[in-house]
Amino acid sequence: MRTIRGGMGIGDALYLQAVVRHLVAKGERLKVLTAWPDVFLPHAGKIELAPFSRVGVDVLAHYSRRRNWPSTQFQDCCIQAGLNEPVEFRLDWTVTDPILVQRLQADGRPIVVVQLPRAPMGRTDGLGHELLPDCRRIQEVLDQLGDRVLKVQVGAGRPLFKFHGLDVDLRDETTVAQLLDVASVAAGFVGYVSYIVPLAECLEKPAALVWSKLGLRSSTGFVRQITPKKILERASSDHVVDNCAPDALSAMVKRFSDALRLSS
């Protein structure tokens, strides 16, 4: 049995579970080292779980050593894990809290998950703070979506910007499994570069994302390398930069609305 790990974050765990899914389908027996065991519920009975560790790892499914390569972040995880064949980036999720899901679905409108504005990468030391975009532009996205969708904020921690016009605020109110429940029944996602990107993409849902111009110009090399070209795996993940013209942002909202099949 080989041990395998990705990075520390929940987004890293979403990448890792797809690699694990692929290896298990090939007959591998794996012990997964993770801080996010709920992400691996679809693989229950097929793998062993252990706390996250950087020691005694046989397979590293992480992108950190390939930041300068022209591949995407998910491709980097696969290549680093020794996989050169195509790997499907998918999460096979079964709802664990049907009462929560039914409460949201009872509204009848398409559910749009809104990412809580928080310290990027969960850092408290300010590293990577430039990755958080001007959240007023995300507010513009929400305003343009209006009451055609049910806007559900998710996340944990202190918000660095307070959105108005939310329909449901689940900040600090869900387990990881409940977060995945909500995501699995959502029609789409609104946010910025963080775990919300792999969450939308592994569920094959459209995302409207606002990138930070400061992050793209950062003096910190690894922050500057966190570009849409590097991060986004699917064409359904759309983006603008926070210094874009109003027409460009409205055009993204129109594409997102079309993907959600919203009426004008």
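Bear in mind that the values here come from a model prediction, so they are computed numbers and not experimental data.
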Quiz item: Hey, does the side chain of D172 reach the backbone of G157 with a donor-acceptor pair shorter than 3.5 angstrom?
Solution: yes
Quiz item: Which residues satisfy the side-chain contact (heavy atoms from CB on, under 4.5 Å) test with A207, sequence neighbours excluded?
Solution: F189, A200, L209, S237
Quiz item: Do R217 and S212 pass the side chain to side chain donor-acceptor pair (under 3.5 Å) test, and can you show the C-alpha distance, the side-chain angles, and the key distance before you say yes or no?
Solution: CA-CA 9 Å; R217 300 170 183 172; S212 166; over 6 Å; no
Quiz item: Considering residues, nucleotides and ligands other than R65, do more than 12 of their heavy atoms fall under 6.0 Å from its CZ?
Solution: no
Quiz prompt | Electrostatic pair D238-R255, nearest N-O below 4.0 angstrom | solution = yes
Quiz item: Looking just at side-chain N and O atoms, do S250 and Q144 make a donor-acceptor pair shorter than 3.5 Å?
Solution: yes
Quiz item: How many angstroms lie between CD in Q102 and CG in D181, if you round to the nearest 0.5 Å?
Solution: 11.0 Å
Practice problem: Examine the side chains of Q73 and Y15 and answer whether a donor and an acceptor come within less than 3.5 Å of each other. | Solution: yes
Quiz item: Between atom CG of L30 and atom CD1 of I47, what is the distance when rounded to the nearest 0.5 Å?
Solution: 7.5 Å
Quiz item: Just by modelled atom types, is the R5 backbone N or O under 3.5 Å from a matching donor or acceptor in the T34 side chain?
Solution: no
Quiz prompt | Under 3.5 Å side-chain donor-acceptor pair for R118 and S194 | solution = yes
For residues 229-236, run the donor-acceptor check on the side chains, cut-off 3.5 Å, and write out each pair with its distance to 0.1 Å, sequence neighbours left out.
| unit_1 | atom_1 | unit_2 | atom_2 | d |
| --- | --- | --- | --- | --- |
| K230 | NZ | R66 | O | 3.0 |
| K230 | NZ | W69 | O | 2.8 |
| K230 | NZ | S71 | O | 2.8 |
| K230 | NZ | D76 | OD2 | 2.6 |
| E233 | OE1 | T72 | OG1 | 2.5 |
| R234 | NE | E201 | O | 2.6 |
| R234 | NH2 | F89 | O | 2.6 |
| R234 | NH2 | E201 | O | 3.4 |

Quiz item: Partners of E48 by salt bridge (charged side-chain N to carboxylate O under 4.0 Å, His left out), sequence neighbours excluded?
Solution: none
Quiz item: Below 4.0 angstrom, N of the basic side chain to O of the carboxylate: do R21 and E88 qualify?
Solution: yes
Quiz item: Just by distance, with hydrogens left out, do R148 and S257 show a side-chain donor and acceptor under 3.5 Å apart?
Solution: yes
Practice problem: Kindly give the heavy-atom pair with the smallest separation between V87 and F74, and that separation in Å. | Solution: O-CE2, 3.5 Å
Quiz item: Among side-chain atoms of H22 and E28, is any donor-acceptor pair under 3.5 angstrom?
Solution: no
Quiz item: When V112 is tested against each of D167, L142, L260 for side-chain contact (heavy atoms from CB on, under 4.5 Å), which residue passes?
Solution: L260
Self-check item: Residue among Q225, H129, E130 satisfying side chain to side chain donor-acceptor pair (under 3.5 Å) with S218
Solution: E130
